**Student:** 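The structure is given below, and queries will be raised subsequently.
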Amino acid sequence: MSDTRRGALLQRLRDTRHVPVLIVGGGINGMGTFRDLALQGVDCLLVERGDFCSGTSRAPSRMIHGGLKYLETGEFRLVRESAEERNRLLQNAAHYVHPLEMIIPIYSWTAGILPALRRFLRRPAKLTERGAAVIKFGLTLYDLYGRSNRVLPRHRMIRRADALREIPDLDPQIRIAASYYDAWITSPERLVIELALDGMEANPASMALNHVSFDGMESDRARLRDATTGEVFLVGCDLMINAAGPWIDRVNAAAGEAGRMIGGTKGSHLLLDLPIFARSLEGRMMYFEAEGGRICLVSNFMGHVLLGSTDLATEDPDGAVCTDEEVDYLLDAFRRIFPGVTATRDNIFFSYTGVRPLPAQNASDPGAISRDHSIPVLPPTEERNFPILSLVGGKWTTFRSFSAEVTDVALSCLSRERRRTTKDVAIGGGVGLSQRASDAEALLSDLTATGLSRTRAARLLTCYGSRARLVANSFRGPETFLTQLPDVSHEELVFIVRHEVVHSAQDVLFGRGALFLERPLPRAALSELVLALAGILDWDAARITLEEENLVERYRRHHRIRFDAEGMPQFV
């Protein structure tokens, strides 16, 4: 297929000599900034060395939260900002962000009061257990910070007997439990690609390209390299925004700036195949303490148990993978809170790891490092005639407000004015939807009127929100579904390839939805997906072999999954 979105963008890049803003990094903060600047009429070029949302942004706990734990360290501004942005995402991305009840099991009435008070006053203290008094006080403050544009219920305390009736597998040694509400995101991958599409629609002169890396400087221009062909592009700019996350220091070094801004910490998650237990968690996430006071999470994600996360300092974002020690730590934490549920390595069908781009600090406790964000500015030099804004820190929930701050700084550098705010701008398929079921039901009726079954329409709505209309209208007759991936049709793949900046099978499987997390996928499913894409993209036999090998290698290297002689996935 010659009319792919990525092919057209590459052709435009060949003709581009200068852009006002070059953004390096296509994770959530870089893409949020791309969309915001595009909405202000600023021509931007965003390049990402891998696929969009392929690093840290693809490896969250899938929470959209107000930052309850940040109250402990006195980061009140961050809590307020997080709570407000969570509420906005529930409105602006209602197709992917949904309310989620959080349950906190509590083992003591008074534990942690003194260290919590010290940390609250920003004094050093190790908090290894939080009692009911500390948690009640924290949740009361949390409700206050979330009162702006409130869309979620207030917290409640649950008597031990009632908690055990609601969740029978809970450790019977608890004294009491607490319930409060945050939110969760079903597909961060799709939200990022929709930000890219929104930005390019708002300003057609802007471009977001994956598999293109910033390779250094040449003659006062940025040297960009297509990772798929090696083709080099020289592009000048007035301003560069470094949104490379854990790789920020490396990008700055390539631009001639030595120094350390990032001190990343690694967070690993496991997906457990425990479907019966997962059903008992429907609509809830357990927010509980592991040994030493570190907070862990367990929830039902697409019918499986999502368990995370760790928080370990790391210097190697490229080599980050879930280790045996982390597996043992997470399973031990799970068994503590659910002692009667058998959970072993045999239940693991997927793991993933991301590196948080936190500010460089010499902290003995990685969990105590601030999750707030900053925008250090590197001024122009003799070798580089433009400034660099580096996006340090930040988190999923606050990406819009962080992007707005970056955009305001960028506009100031460019001597331009903001045209509009993004506070109430719906994202992608969130247009026309809300948390009201009536909006989704109306869209389902529209989709079934095109000839889709209600089941298929519901699937497309879940995957695309209101963009499902575009997908359905692209079909020319009945769909042809894959055998190993029966929820995916050839016609849907054509739409993705044509419109969503796709280059590889990895882009489709891992970057255009959460298909890879829905269930263990056999090797035959990977082969079938590659063959289907080959027919669309005219891949030859060598490319087909390479694409399948790359998928298998990704499973092995990043997720610790190998395929046995029958082609079934095994966690190793």
Side-chain angles (χ1 to χ4, degrees), residues 2-27 30-52 195-244 247-248 250-257 377-391 403 406-407 409-417 419 501-503:
S2 59
D3 58 341
T4 65
R5 187 70 175 270
R6 186 172 185 274
L9 290 170
L10 274 176
Q11 185 55 51
R12 285 177 52 197
L13 181 57
R14 293 185 183 100
D15 299 328
T16 300
R17 297 292 175 265
H18 186 91
V19 290
V21 178
L22 170 64
I23 302 174
V24 178
M31 202 63 82
T33 302
F34 173 80
R35 181 190 71 146
D36 198 338
L37 282 167
L39 286 168
Q40 312 315 318
V42 177
D43 298 349
C44 301
L45 168 62
L46 180 146
V47 294
E48 162 59 47
R49 69 170 189 163
D51 188 24
F52 306 131
L195 288 169
L197 299 175
D198 283 356
M200 289 188 282
E201 181 178 354
N203 180 0
S206 290
M207 295 181 283
L209 262 165
N210 49 3
H211 305 291
V212 175
S213 62
F214 170 70
D215 206 29
M217 299 295 301
E218 186 172 326
S219 303
D220 266 344
R221 291 191 290 176
R223 186 171 60 247
L224 309 177
R225 188 180 302 274
D226 184 350
T228 67
T229 64
E231 184 178 1
V232 171
F233 312 89
L234 297 180
V235 179
C237 64
D238 300 321
L239 172 68
M240 182 170 124
I241 296 175
N242 183 352
W247 296 271
I248 278 176
R250 298 184 190 181
V251 169
N252 284 338
E257 292 285 350
V377 180
L378 297 172
T381 65
E382 290 184 4
E383 294 77 23
R384 173 178 44 80
N385 62 4
F386 53 83
I388 300 176
L389 310 183
S390 296
L391 278 52
S403 299
V406 178
T407 296
V409 174
L411 290 172
S412 177
C413 291
L414 299 170
S415 300
R416 298 180 65 162
E417 298 291 329
R419 294 180 177 179
V501 200
V502 163
H503 168 71

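It should be emphasised that the depicted structure is a prediction, and the values quoted were computed from it without experimental measurement. Counting from 1, the numbers follow the sequence of the chain as shown.
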**Student:** Can you check whether L10 reaches T229 side chain to side chain, under 4.5 Å on heavy atoms?
**Tutor:**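 They are not in side-chain contact.
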**Student:** Charged N to carboxylate O under 4.0 angstrom, R14 versus D226?
**Tutor:**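 Looking at D226 together with R14, the answer is no, because their closest N to O distance does not fall below 4.0 Å.
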**Student:** Not counting sequence neighbours, which residues clear side chain to side chain donor-acceptor pair (under 3.5 Å) with D215? List them please.
**Tutor:**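 Checked D215 against side chain to side chain donor-acceptor pair (under 3.5 Å); matches are R225.
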**Student:** Would you say the side-chain atoms of R35 pair up with the backbone N or O of G199, donor to acceptor, closer than 3.5 Å?
**Tutor:**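 Between the backbone of G199 and the side chain of R35 there is no qualifying donor-acceptor contact (under 3.5 Å).
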**Student:** Find the distance between CE (M217) and CE (M240) and round it off to the nearest 0.5 Å.
**Tutor:**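 If we round to the nearest 0.5 Å, M217:CE and M240:CE are 8.0 Å apart.
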**Student:** Tell me whether S206 contacts the main-chain N or O of C44 through its side chain, where contact means a donor paired with an acceptor under 3.5 Å.
**Tutor:**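 It does hold such a pair.
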**Student:** So does G7 get a backbone contact from the side chain of Q11, meaning a donor-acceptor N/O pair under 3.5 Å?
**Tutor:**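 Not confirmed, Q11 side chain does not pair with G7 backbone.
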**Student:** Could you walk me through whether L414 and V21 pass side chain to side chain contact (heavy atoms under 4.5 Å, CB included), step by step?
**Tutor:** CA-CA 9 Å; L414 299 170; V21 178; 3.7 Å; yes
**Student:** Assess the side chains of H503 and D51: does a donor N or O sit below 3.5 Å from an acceptor N or O?
**Tutor:**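 On atom types as modelled, these side chains do not qualify, holding no pair under 3.5 Å.
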**Student:** Between OG of S390 and CG of L378, what distance do you get to the nearest 0.5 Å?
**Tutor:**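 Atom-to-atom, S390:OG and L378:CG are 5.0 Å apart.
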**Student:** Which one of V24, I388, L37, L46 satisfies the side-chain contact (heavy atoms from CB on, under 4.5 Å) criterion with I241?
**Tutor:**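 Per the side-chain contact (heavy atoms from CB on, under 4.5 Å) rule, the option paired with I241 is L37, out of V24, I388, L37, L46.
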**Student:** Mark yes when over 12 heavy atoms from residues, nucleotides or ligands other than E231 sit less than 6.0 Å from its CD; otherwise mark no.
**Tutor:**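 Counting other residues, nucleotides and ligands, CD of E231 exceeds 12 neighbours.
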**Student:** Working to the nearest 0.5 angstrom, can you tell me the gap between H211 NE2 and E48 CD?
**Tutor:**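 Reported to 0.5 Å precision, the distance equals 8.5 Å.
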**Student:** Is any side-chain heavy atom of R6 less than 4.5 Å from a side-chain heavy atom of T228?
**Tutor:**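 Yes, side chains in contact.
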**Student:** Could you pull out the closest heavy-atom pair between A196 and A208, with the gap in Å?
**Tutor:**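 It is CB-CB, 4.1 Å.
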**Student:** Rounded to the nearest 0.5 Å, how far apart are CZ of R416 and CD of Q40?
**Tutor:**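 One finds 9.0 Å between CZ of R416 and CD of Q40.
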**Student:** For residues F34 and L195, report the shortest heavy-atom separation together with the two atoms involved.
**Tutor:**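 Reported closest heavy-atom pair: CD2-O, 4.4 Å.
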**Student:** Under the rule for side chain to side chain donor-acceptor pair (under 3.5 Å), what residues qualify as partners of R223, not counting sequence neighbours?
**Tutor:**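 Checked R223 against side chain to side chain donor-acceptor pair (under 3.5 Å); matches are E218.
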**Student:** Start with the C-alpha distance between V502 and R5, add both sets of side-chain angles, then the distance that settles side chain to side chain contact (heavy atoms under 4.5 Å, CB included), and finish with yes or no.
**Tutor:** CA-CA 7 Å; V502 163; R5 187 70 175 270; over 6 Å; no
**Student:** Can you see which heavy atom on S403 is nearest to which on T33, and at what distance?
**Tutor:**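 So the minimum-distance heavy-atom pair works out to OG-N, 3.2 Å.
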**Student:** What's the shortest heavy-atom distance between L389 and A410, and which atoms?
**Tutor:**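 So the minimum-distance heavy-atom pair works out to CD1-N, 4.1 Å.
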**Student:** Between F214 and V251, what is the shortest heavy-atom contact and its length?
**Tutor:**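 In this case the closest contact between F214 and V251 is CE2-O, 3.6 Å.
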**Student:** Taking atom SG of C237 and atom CG of D43, what is their separation to the nearest 0.5 Å?
**Tutor:**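 Reported to 0.5 Å precision, the distance equals 13.0 Å.
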**Student:** Could you go through L234 and S219, starting from their C-alpha distance and side-chain angles, then the distance that decides it, and tell me whether this counts as side chain to side chain contact (heavy atoms under 4.5 Å, CB included)?
**Tutor:** CA-CA 9 Å; L234 297 180; S219 303; 5.7 Å; no
**Student:** Quick one, P380 and P387 - any side-chain contact, counting heavy atoms below 4.5 Å?
**Tutor:**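 With C-beta onward as the side chain, the pair touches.
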**Student:** Looking only at heavy atoms, what is the nearest atom pair of I248 and N242, with distance?
**Tutor:**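 Closest approach of I248 to N242, heavy atoms only: O-ND2, 3.0 Å.
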**Student:** About how many Å separate CZ of R419 and CG of D36, when rounded to the nearest 0.5 Å?
**Tutor:**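 Result: 12.0 Å between the selected atoms.
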**Student:** Among I23, V235, L22, N210, find the residue that satisfies the side-chain contact (heavy atoms from CB on, under 4.5 Å) test when tested with V47.
**Tutor:**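 Output: one option passes, namely L22.
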**Student:** Please examine the side chains of R221 and R17, heavy atoms only from C-beta on, and report whether any two atoms are closer than 4.5 Å.
**Tutor:**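 Counting from C-beta outward, R17 and R221 do come under 4.5 Å.
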**Student:** Name all pairs fulfilling the side-chain hydrogen bond (donor to acceptor under 3.5 Å, both in side chains) condition that reach into residues 379-389, sequence neighbours left out, sorted by first residue then second.
**Tutor:**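 The answer is E257-R384.
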